[in-house]
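Working notes, beginning with the structure itself.
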Amino acid sequence: MPLHDPDHAQDANPLRAEQTHLAESRSALTAMRADVEALDISDVTGNWVNAKILAAEIDNRIKALADLSHTPLFFGRLDYLHAPGTEQAEGAEGEQFYIGRRHVHDAHGDPMVIDWRAPVSQPFYRASRVEPMDVRLRRRFGYTGGELTAYEDEHLTDPAEAGTSSKLLQTEIERPRVGPMRDIVATIQPEQDEIVRAGIGGTVCVQGAPGTGKTAVGLHRVAYLLYAHRERLARTGTLVIGPNKSFLQYIEQVLPALGELQVKQATVDDLVAHVTVRGTDPAERARIKGDARMAEVLRRAVRSGIRMPKEPIVVVRGSRRWRVPAYELEELVRELMERDIRYGAAHEALPQRIAHNILVRMEESGEAPDDRVQDAVARNPAVKAAVKGVWPKADPAKTVLRLLSDAEFLAECAEGILTPEEQATLLWEKPPRSLASAQWSPADTVLIDETLDLVQRTHSLGHVVLDEAQDLSPMQYRAVGRRCSTGSATVLGDIAQGTTPWATASWEEALTHLGKPGAPVEELTRGFRVPRGVIAYASLLLPTIAPGLAPATSVRESPGDLVIRRTSAEELDAAVLAACHDALGHEGSVGLIAADDRIAPLAAALESAGLPYLAPGEETSAQARLTLVPATLAKGLEYDYVVLDEPAAIVTGEPDERTGLRRLYVALTRAVSGLAVLHAKPLPEELAAGQS
């Protein structure tokens, strides 16, 4: 397909026309924003609460209408053979639409730019020569900064035009990555678009190889669902869950760039932060705490406080005494237990059940009590004392504290579930004296969250996106599942990148723990980020770390994109610094990835060499383009050029070889344009065949 730019005189007028439309669209967007800013709400709200809510909504609308000068307002155009929605009759006139990040209309309300999520925009991503979807011409635009500088046409119904790849599309995919993650709205591929536009009614799981855009697909899916189901999700809420703070900082600008400002972001640790974390667990202890069997252990622990009544209840009202025998109280307690409702709800319901029993007796004796009398009986000291004795309140943190401190209590709750060896592993070596002194670990907070849900139901959101999901334990999946129990989820990950001892073995198992069994699993294997040579080299690890998983392919080939260099231990730091200098000679971002215990010496070497560097999550700039990345924080990040220090150290830095090789696989697949591997120790034997 032909690429048009100002250097070709015959194309100058069409290009100027498109530039004029861009200028007019920007003016229209400015006018839309000015209209909202000029709104006077002083006479339309009944009270200060409504006024505050409306003012906040207007403020969000103003922010959503911001014109980002370096972000193209539209990136494509569709020329339909017939007006969408009309009968495709012979001679009927077609229609033209500009596709962009948000809707823009002129003073008369006529659209100048159509939101990429609108149904009329879908053929921009899906149409092909085989299935043109009534599109005559698809035009892509090229930009330098915010200025439109070129365009490229694809005549989908012209048999004389040969099908070729889009140069502008390739350029956009390969554009250097400086700053946080950006949206891919201009480059969404058909297989990605199918996932983005999947309905809100069900959960979708995406197994995505490195560079296939699974994170971007998940974020664009949120934006699409907010467009298609805005009122529903405004009421129920949305949430993006990432693996760590650095990752969330990296992706945080994607949704605002698409005009979506209300999506919250969190880590799993944020969701379950009911106590302060001050401790850590050995790998085996953390694995057991994350095992799904712990859910039943905790259920038993919560219900361990229930006691069958031995004495009747006697309630005195005026001159009358009302007696409920112990066997009737036991029937009420057993009924609540069999219903298996939340422990706290049953605690609240029991006094009302007892009071109702007494009211029946009152009515049988000729009295006419009402609801106020029932409430008064439920609050009677005798009833409250009885409830406290048979169904006491449960404190989630205290329950978990007792479970991990008291061997007899743990044995009672874990009988037939955990082995004696597993129980011994769970117990604290030195039990804390109180909640305040407990050295809670991240895995403990998940147990407390499960216990809290046993006591009172966790609030469910409308939609949750869970990224890097392969690293979650079954109990963490349950914690996330509680946040979307009545909603849907988009689960994103790569089994081959599971780097925790409890990493999931299969998506079917993970979805079951999430509470979404049977959800479809879509696989993305066509990569757009990692160069072909790099992904092929990293894929040498797949037979060991993820047997049976299809290796990724890549649409990109970058000459000289992979360099593997061995040096001596004494010269390793100098070789790494030289590789960083070489990488910085190119345009774009550079990531220096190393085993965690190599970060300090490399930081010292960079400082001595006068090379400024950033920490993961800090935004790159023209002055600082090098980021020093611990291997444990590399997941989900990407850099134009990556320098990888000592692969063997990354492998041995993990509790077991499989986890270490998976961590290495992650580190090897962060590069967009080039990867340099520097090592003094022998490479893992799986990579030996790829050494040059």
Side-chain angles (χ1 to χ4, degrees), residues 25 29 32-33 36-37 53-76 98-105 111 113-122 124-125 179-188 192-193 195-200 204 206 213-242 247-267 270 461-467 483-484 487-492 619 636:
S25 298
L29 180 62
M32 290 170 62
R33 181 182 172 101
V36 178
E37 290 174 331
I53 293 173
L54 185 56
E57 291 179 354
I58 290 174
D59 185 55
N60 285 334
R61 177 63 175 161
I62 291 170
K63 291 177 182 177
L65 290 172
D67 184 3
L68 307 177
S69 59
H70 293 290
T71 302
L73 195 55
F74 57 79
F75 47 81
Y98 287 84
I99 312 302
R101 286 167 170 76
R102 66 198 65 186
H103 176 85
V104 179
H105 60 254
V113 180
I114 299 293
D115 194 301
W116 66 275
R117 298 167 286 188
V120 75
S121 302
Q122 187 172 352
F124 185 79
Y125 304 106
M181 182 181 181
R182 59 175 181 262
D183 67 73
I184 62 163
V185 67
T187 63
I188 293 173
Q192 297 172 327
D193 191 62
I195 298 170
V196 167
R197 296 178 193 265
I200 196 174
V204 177
V206 181
K214 57 184 177 293
T215 295
V217 165
L219 295 174
H220 286 68
R221 175 160 166 69
V222 171
Y224 171 77
L225 292 176
L226 285 167
Y227 175 87
H229 308 279
R230 187 165 301 279
E231 185 175 336
R232 173 178 172 178
L233 291 178
R235 188 171 62 250
T236 56
T238 52
L239 176 67
V240 174
I241 302 174
F247 178 84
L248 293 179
Q249 287 176 325
Y250 179 61
I251 68 169
E252 65 183 355
Q253 294 304 317
V254 174
L255 289 168
L258 298 172
E260 300 299 344
L261 307 171
Q262 301 304 307
V263 180
K264 294 182 179 179
Q265 298 180 353
T267 65
D270 293 333
L461 299 165
H463 192 79
V464 168
V465 173
L466 174 61
D467 205 354
R483 271 75 184 179
C484 57
S488 56
T490 300
V491 181
L492 311 164
E619 188 170 336

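Here, residue 1 is the first one in the sequence, and each next residue gets the next number.
- In terms of heavy atoms, Leu219 sits closest to Leu255 at O-CD2, 3.3 Å.
- To the nearest 0.5 Å, atoms CD (Gln122) and CZ (Arg197) are separated by 4.5 Å.
- Residue Arg221 holds its CZ atom at 7.5 Å from CD1 of Ile200, rounded to the nearest 0.5 Å.
- Contact annotation: the side chain of Trp116 approaches that of Val196 to within less than 4.5 Å [non-hydrogen atoms, C-beta and beyond].
- One finds the OG atom of Ser25 at 10.5 Å from the CE atom of Met32 (value rounded to the nearest 0.5 Å).
- Here the side chains of Gln265 and Ile251 are in contact, with some heavy-atom distance below 4.5 Å.
- Of all heavy-atom pairs between Pro111 and His103, the closest is CB-CE1, 3.7 Å.
- Taking each heavy atom of His463 and Ser488 in turn, the nearest pair found is ND1-OG, 2.7 Å.
- At least one side-chain heavy atom of Pro256 sits less than 4.5 Å from a side-chain heavy atom of Leu261.
- The distance from the CG atom of Asp467 to the CG atom of Leu492 is 4.5 Å, given to the nearest 0.5 Å.
- Smallest separation of non-hydrogen atoms from His220 and Val185: NE2-N, 3.4 Å.
- Scanning both residues, Gly199 and Leu225, for their nearest heavy atoms gives C-CD2, 4.4 Å.
- Thr238 places no side-chain N or O within 3.5 Å of a backbone atom of Val263 that could act as its donor or acceptor partner.
- Atoms OH and NE2, from Tyr224 and His229 in turn, are 6.0 Å apart once rounded to the nearest 0.5 Å.
- Taking the six-membered ring for Trp and thresholds of 30 and 60 degrees, Tyr125 and Phe75 have ring planes inclined between 30 and 60 degrees apart.
- A pairwise comparison of heavy atoms in Val465 and Val222 identifies CG2-CG2, 3.1 Å as the closest pair.
- At least one donor-acceptor pair closer than 3.5 Å links the side chain of Arg101 to the backbone N or O of Pro72.
- For the atom pair CD1 of Ile114 and OH of Tyr98, the computed distance is 12.0 Å after rounding to the nearest 0.5 Å.
- A search for side-chain hydrogen bond (donor to acceptor under 3.5 Å, both in side chains) contacts involving Glu260 returns Arg117, Arg230, not counting sequence neighbours.
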